[in-house]
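Here's the structure, in structure tokens; my notes come after.
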Amino acid sequence: YSTFPHSPKWKKEDVTYRILNYTPDMLQADVEEAIAKAFQLWSNVTPLRFTRLYSGQADIMISFAAGFHGDFYSFDGPGGTLAHAYPPGSDIGGDAHFDEDENWTKFTTYSGYNLFLVAAHELGHSLGLGHSNVLGALMYPIYMAKDTRDYQLHPDDIYGIQALYGSPRESPVLPTKAFPPQEPTEMTPAEVPTEMSPRQEPTETTPSKPPSRPEDCDPHLTFDAITTLRGETLFFKGSYVWRKSPYFVEIEHDTISSFWPSLIAGFDAAYEVDKTDRVLFFKDDQYWAVSGYSIESGFPKPIQNLGFPNSVRKIDAAVHDQNTRKTSFFVGNKYWSFNENTQSMERGYPRKIAADFQGIGHTVDAAFQKNGYFYFFHGSNQYEVDIKKKKVIRIMKSNSWFDC
Amino acid sequence: FPVVPEKKEDTQFAKKYLEKFYGFKEEKNSLFKAKNLNHMADKIREMQSFFGLEVTGELNHKTLDMMKQPRCGIPDIRS
């Protein structure tokens, strides 16, 4: 976490706020609820109490405005800067401004920005916090759509605000453990992207750790999904990504959230349509489309949009043939063929995998295309398939790409 | 992910971003072009370090992508 220079803070525990105007994007009651909930996040973990005023000068004046709005920091239209706020002080000090050119919402869809999340961040500034470089912290500068039901502050946010104001007077709403600022200890790489070492909750209370990343050369290594992406190959398992690139020698170890923070872990399938620079991820009966790091708006969508019957509730694997522009979807012992040009399923499908792919007598966990071949994965084995002959020509271990 | 060729407007965009959030100040006098480029590379490194990106000082795809994410208007460095 960080504070502003000289760590300005409110010299009192009773802080007032006033909502000066409203965005036409939301019901007034929803705006008021979002802002009240945002204040409550901070009052839950400090001695501060927030009182709403309906007239006159409040400590924190909240307003919506577009473009130039009377301070030196004009807004920039849709996207880019969403809002800003000033550190504690007189006059403009503490005030929070929201860019009216954004689409404000009380939901966490991709069609707008959740006012509660942005207001909670900006009010952190109004109370004296600067930005945090901890991915997942509320005070991280970049907006991330998150589930706001039962939203909890990240420990880093709590460390920061309690460094300014201390913990709540009455019995702590939090678990009884204190949050002594601890020296950042190494977190297992799976929990944080590389090059960041945020503070960690005291070890005795660290929530049960997710299973750690399997070794690259574990002979029993299996994958959930595999896809190419702009010449690289990404291997997915749980929240982990193994990244193989022609641009650097070693295998890079990442997490899904380090590339796409708002995507859920545990993909069932993934494939790239190189011509449109798009990768599609599948989980249960939904799918997402990304281009590089950007998630396309309007996702997730139901897989039935692609032409699957309602009886199909998830996909095992998918692979796009860049030559024919057809994508094969594997479900159980059958597969479908989807025409990316017409965006529709081909007639005569599903067909039995074993009937068409000689040597593949089981389900397919993951698949991708490389060097003119298909690679099908089943458990810890990998099958190199001649696409034209639809015939297995080689069997390897799933992690043979990791130069074990 | 792999770099796409840097476009002129990307450089302009990055300059504005670094001015806004990392206190980058461009010397207007063109005699300081080399100094500007070094100064800008330093600020790119500062931003890459903040976001845990590979610190290269180059305006690569990942860095540009991060700059284009919707965000808060307050600077990331204490200023």
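Every value quoted in this text rests on a predicted model; they were computed, and no experiment measured them. Lettering of chains follows the sequences in order, A, B, ..., and the numbering in each one begins at 1.
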Original post:
Side chain, backbone, both or neither: which part of B/M67 has an atom under 4.5 Å from a heavy atom of chain A?
Top reply: neither
Subject >> Region of A/D99 in contact with chain B, defined by heavy-atom distances below 4.5 Å >> reply: neither
Original post:
Can you tell which of A/D71, A/D91, A/D95 makes a side chain to side chain donor-acceptor pair (under 3.5 Å) with A/Y86?
Top reply: A/D71
Subject >> Engaged part of A/S132 at the chain B interface, taking heavy atoms whose separation is under 4.5 Å >> reply: backbone
Original post:
Would you call B/K62-B/E54 a salt bridge at under 4.0 Å N-O?
Top reply: no
Subject >> For chain B, the option from A/P141, A/G130, A/G79, A/P78 that forms the most heavy-atom pairs under 4.5 Å >> reply: A/P141
Original post:
Hey, is B/D76 close enough to B/R71 for a salt bridge, meaning N to O under 4.0 Å?
Top reply: yes
Subject >> Side chain / backbone / both / neither for B/Y17 at chain A, heavy atoms under 4.5 Å >> reply: neither
Original post:
Is the closest basic N to carboxylate O distance between B/K68 and B/D10 below 4.0 Å?
Top reply: yes
Original post:
Between A/E122 and chain B, which part of the residue has a heavy atom less than 4.5 Å away: side chain, backbone, both or neither?
Top reply: side chain
Subject >> B/D42/B/R45 ion pair, N-O < 4.0 Å >> reply: yes
